[in-house]
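Chain A is the first sequence line, chain B the second, and so forth, proteins listed ahead of strands; every chain is numbered from 1.
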Protein chains: 4
Amino acid sequence: MTRRLSLGMVGGGQGAFIGAVHRLAARMDDHYELLAAALSADPANARASALALGLDPARAYEDYAKMAQAEAARPDGIEVVAITTPNHLHAPVARAFLEAGIHVICDKPLALTLAEGEELARLARQQRRLFALTHTYSGYPMVRHARELVAAGELGELRYVQVEYLQDWLANPIPPGQNKQADWRADPARAGRAGCLGDIGTHAYQLAAFITGQLPSELAAELHSFVPGRLVDDHLQVWLRYPNGMRGSLNASQVASGEENRLQIRLYGDKASLIFRQEEPNALWLTPIGGASQRLTRGRVESAAARHASRVPAGHPEGYLEAFAQLYTDAALQIHALAAGLAPPPESLALTTVEDGVAGMRFIEASLASHAAGRWLKIS
Amino acid sequence: MTRRLSLGMVGGGQGAFIGAVHRLAARMDDHYELLAAALSADPANARASALALGLDPARAYEDYAKMAQAEAARPDGIEVVAITTPNHLHAPVARAFLEAGIHVICDKPLALTLAEGEELARLARQQRRLFALTHTYSGYPMVRHARELVAAGELGELRYVQVEYLQDWLANPIPPGQNKQADWRADPARAGRAGCLGDIGTHAYQLAAFITGQLPSELAAELHSFVPGRLVDDHLQVWLRYPNGMRGSLNASQVASGEENRLQIRLYGDKASLIFRQEEPNALWLTPIGGASQRLTRGRVESAAARHASRVPAGHPEGYLEAFAQLYTDAALQIHALAAGLAPPPESLALTTVEDGVAGMRFIEASLASHAAGRWLKIS
Amino acid sequence: MTRRLSLGMVGGGQGAFIGAVHRLAARMDDHYELLAAALSADPANARASALALGLDPARAYEDYAKMAQAEAARPDGIEVVAITTPNHLHAPVARAFLEAGIHVICDKPLALTLAEGEELARLARQQRRLFALTHTYSGYPMVRHARELVAAGELGELRYVQVEYLQDWLANPIPPGQNKQADWRADPARAGRAGCLGDIGTHAYQLAAFITGQLPSELAAELHSFVPGRLVDDHLQVWLRYPNGMRGSLNASQVASGEENRLQIRLYGDKASLIFRQEEPNALWLTPIGGASQRLTRGRVESAAARHASRVPAGHPEGYLEAFAQLYTDAALQIHALAAGLAPPPESLALTTVEDGVAGMRFIEASLASHAAGRWLKIS
Amino acid sequence: MTRRLSLGMVGGGQGAFIGAVHRLAARMDDHYELLAAALSADPANARASALALGLDPARAYEDYAKMAQAEAARPDGIEVVAITTPNHLHAPVARAFLEAGIHVICDKPLALTLAEGEELARLARQQRRLFALTHTYSGYPMVRHARELVAAGELGELRYVQVEYLQDWLANPIPPGQNKQADWRADPARAGRAGCLGDIGTHAYQLAAFITGQLPSELAAELHSFVPGRLVDDHLQVWLRYPNGMRGSLNASQVASGEENRLQIRLYGDKASLIFRQEEPNALWLTPIGGASQRLTRGRVESAAARHASRVPAGHPEGYLEAFAQLYTDAALQIHALAAGLAPPPESLALTTVEDGVAGMRFIEASLASHAAGRWLKIS
């Protein structure tokens, strides 16, 4: 094993959900050691949360800007920071750490606006720092394998991609103050103008881009808000046209009653189709035209990409946390390689980056514009 | 048991697929006796096919128009005719028999144009004859039960309906002369301007209308033809807006590699969702917001509608042919009631009619127009 | 099409379930015409039921023995009789018709005792008459295909077969007089000493024999009766040893709460495994050692056996009634061939016969004896 | 968060599979810090493996006995040891650490013989030390929930339990030296007289005991070895009788071609049934007699037991590693409580212990004896 990387965290204090997931993911494959944090915008909570995690009090910061400066100044300062704040802080926090020369692992979405996102991409390139965006679902071994199958031409020329992400957790009105998640995600000031579109529509978009290796050039979008009083969309459908003639359809909803977390992608080529369902992540369905469906399983497929992202043998299910951990592992592999001046291991290149985040911002902006215009628009 | 109805058939000679299915469906529940036919546009085939079925040679017609006249003139003439010709003949054949005072059971689509369809509807009303359209899928017990659940408010207010119908049998180019089905279905002169749209898109549309009890008021459609040289669409996506605010999405494809006959509908209400998949027709999935999915099965649900359309107990799968037979059975029940001057049994009213066919024609025309215009259109 | 065979029926009067299923099955593929019947042991019901079916009153018999004699004496007498009475009458009725030179299609089980069964087998051979036993489940196309795959060595040498048949319809005590089915099936005088064992255990046994082509030489059985007051077994498990070293396990239960009609067989060879579930009869799962599962579907598998037993294309589910009809169709093909002095079409040889029924009786007797002895026994 | 426990490990050096899984499981919920180890019977490998993990060289032991003594003597010595050696060392290693007053987390099976197992149980009681056995599958939230449902009477009185554990990784002969796992597991000297029986049969047995809360009093077993040259069983079936009249059936196989890791349990009560499949661990199927199946999912069930064992919301699959981690977490909770003289949190009491291991040894010995005797035997 290589040396553990020293990790800092912004956001993720007591009561926050995704911060704890980031910590678990960072810990799973043992490539990181958490050493510094600014865990909350509330100084008291920031401090208490850090102490509860056993951090050195000197590195329990009350403010992310101070943390970036102080850590950059320490000889043993953190090498990488995990950003797990509400959406509106992603960009300023990331900027602060990039400027301090610290690698960034950031929760999605990248930013509130395309302009912010593009600036971060520029900054990351300029500083030569890793900027990983945690699009968890591309950490699944069978998603990695799907990408390999498509690239290897197993489906033939792709004709149609259908991706959907359906949940029901916002199907009923949630009174303010009752669910911290729901509160900030429904607030345009903290989550952006896109509701369901930014929250899970971007995951669906990224998954399609990741597996197909292609970005659409035009889209038509229809957004809707079903729950009275909601300020952002909670349901959407988007059609996609790709430069090579492929067509796509993307649906996302947070009011799809009964659905837990149905992220599903179906790809139809002129030879075969491929289906992945996030809720059954250890399998892929591959079906040739006119033929029998094959259920490919993690641990049984021959693929360096899937093996790289697996921990246990076939029949022992891996899940969401392992997919999340894979992003941290790939980030560690790339950071070590960067530090050593080496090329990163090819399998680690499946990591989603700031560029993917910029593509996601373009998708959001084009969707909002198309919805407003009521027609197809080019994606900038 | 009531007396068997005397049945005639137009189309469905040797080598035709759907005619044999109609005969089996008519036979299954024993409400009909096939006594006369004009089974092919080719006189020799018409005659040979009729004799092979054991029909009286005097009633083995070479021409549907003569058949309508001759049967109407016989004291023991047929009471009902089944029309199983290629699409372009549906309307003229139906007209001939309606004018002769004979009830009609017609394969879908109703006609090639909306105008033809509306004329048939008028004629059927004027002649007081039954005009049943064989939208097979609404013959499934669990589709009938789904309609009951929606009507009873089990899903709450419907918000979103997603229906899709995916096949792959036209995924590759089929050289002319190799597949009779493929030939006429790909020929605009015999099948109409709509390809996949008319062939299976209308089934999806009808299924949504049947279960929800609602018709959309606006649509946006995008058609596509993936296989080079194909003259009609083989793939399509349509968005639907309903007067009450419900949204819909409809996809149909005959180039969806690997798919056999995936007709699937998902309905999301503000209380629960409901899913039906034609390829697993003995079950329905009902899931409340935030709750556990229930797998409702034919034979175990308490519903007069489902019981009426069932033959064997739970756990003994029924299928496509039973659904088809149900349409014939419902038609028989309605014809007997009409003859007796009685109201038909309420369960038989699930039969799809010429009005459903007219709605289907409106859907086709609006979809073609919206695709050409590249925008949302009102459905006439 | 060949001429329809003239059919008689014993049992299956108004209120009986399986008789109506036999009639539907006989009708489906149009190889039979029902012309004579003794539908009930109660003369008035026998007569009324026959008239309701539209039979000639002269051929509406009140007694099966008279029917056999009278029909044998008519120049246009029935060629084949369907026996759908309670179990204890199968043997005497079959004997009467065989002796009259009439082919027999008999509901299972063959008889109440092995001796009776063996006598029927002798009689059928001596009279050169067809004796088909309606083990419905071997009428499924995918069961036929499974048999082909095994015979072709696709699984390698079979090591282990696991078959189970689980229902819950007798999970609670059923007060006498409430359910006609339950009444006679729970009465040793009418159904035999074996309860669940004879009713569904024999189906499981036959399915394993049909697909593997092998009969076990030894068994160990444990029967149980869970519901207080029940006079026959309602649950059982049996282990099987085959001459070639294969092992088997058979479970059947009518108190398996929640199960509808789970007849399932799993076959493990030294190359691959195969799974069939009656409740999803259009599919088979084939999985090589260490490899991906393939879902083979009716209509897509290349097999004369499966095609022969299919009516509609892939993706259009067929079910229990079609499987039942297949037995009637195969019987018709064999009877026509017998009459013409020709070999029956090879695909029709999948029909289950009196010999299968005798094997079933041996299984019942050995299971009862093993249970009583508490140890492994040879199957006679 | 409470203080991390100091952890030692015996076994699990480079190239060992299960040791790495133990370390990941110990790390996941952050209750442990690995500080000392004797990772291999080979001193060089032991040392190299420890250094690769970043351990203090002074605590990288070459011998487990020395490690137990040395750690017991240190003021900062380990509080708990994880034993991940081949089976034959479980008992001597556990004895050494228990005698040194150190808590034990041990891979299963507990020991090679019942006598050894009973001695360990006595020793653990006498030393008042925790002895956790890593029967991973009872760490799944839905297994915990299943236990709650049974205990709450949701199934009614249990009648029948069917548990099976099927794999195919030993379906072909594996030449010695090719697969380290296969080597020692197939060697009676290192794995014990029971092959498949000890390796996975005991998991199935434990799962049934865990969920039902009952142990059988009698069994009949049939073992088999299908692969030529194999010295231990690779396939088995066992029938179980319980004191309260419940019946059981247990199957395990390592030659079940195509199966990955099918551990499945089905419980039939006089009200409802419950099904759990390890390969789909986020769901449970609950079906009342005659009713609709409910698919209960992790994250949506209301149960303190399931919530305690969960990390992420419904729809985000958890898997095998999380189940494993749960055992470590429960052990930590119990050790902290023991140290504080407090009762452990009730949810942590789902941890499997040395007593479960003793029950497993009794099952193995009774199965071997019953197989040899060819008849039912009481379980000692």
Exercise. So do the side chains of A:Y140 and D:P317 get within less than 4.5 Å of each other, counting heavy atoms only?
Worked result: yes
For this session: Report yes if some heavy atom in the side chain of A:W169 is under 4.5 Å from a heavy atom in the side chain of D:P313; otherwise report no.
Result: no
Problem set entry | Working for side chain to side chain contact (heavy atoms under 4.5 Å, CB included), residues A:D30 and D:L53 | CA-CA 10 Å; A:D30 210 16; D:L53 289 175; 5.7 Å; no
Exercise. So which residues of residues 275-285 of chain A are in contact with chain D at a heavy-atom cut-off of under 4.5 Å?
Worked result: A:Q278, A:E279, A:P281
For this session: Name all residues meeting the salt bridge (charged side-chain N to carboxylate O under 4.0 Å, His left out) criterion together with D:D199; count only those two or more places apart in sequence or in a different chain, and write none if there are none.
Result: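 Only D:K108, D:R185 meet the salt bridge (charged side-chain N to carboxylate O under 4.0 Å, His left out) criterion with D:D199.
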For this session: To the nearest 0.5 Å, tell me how far D:E322 CD sits from A:L321 CG.
Result: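 Rounded to the nearest 0.5 Å, the CD-CG separation comes to 5.0 Å.
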Exercise. Any Lys/Arg nitrogen of A:R300 or D:D168 sitting under 4.0 Å from an Asp/Glu carboxylate oxygen of the other?
Worked result: yes
Seminar exercise, completed: When every non-hydrogen atom of A:G315 is compared with those of D:E260, the smallest separation belongs to N-OE1, 3.2 Å
Problem set entry | chain A contact via D:E259 - side chain, backbone, both or neither, heavy atoms under 4.5 Å | backbone
Problem set entry | Partner set under ring-ring contact (aromatic ring centres under 6.0 Å, His included) for A:H135, not counting sequence neighbours | A:H203
Problem set entry | Contacts of type side chain to side chain donor-acceptor pair (under 3.5 Å), residue A:D56, not counting sequence neighbours |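 A:D56 satisfies side chain to side chain donor-acceptor pair (under 3.5 Å) with no other residue.
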Seminar exercise, completed: If you tally heavy-atom pairs under 4.5 Å between each of A:T136, A:V21, A:T297, A:L263 and chain D, the highest tally belongs to A:T297
For this session: May I ask you to decide if the ring planes of D:H316 and A:Y137 are parallel, tilted or perpendicular, using 30° and 60° as cut-offs?
Result: tilted
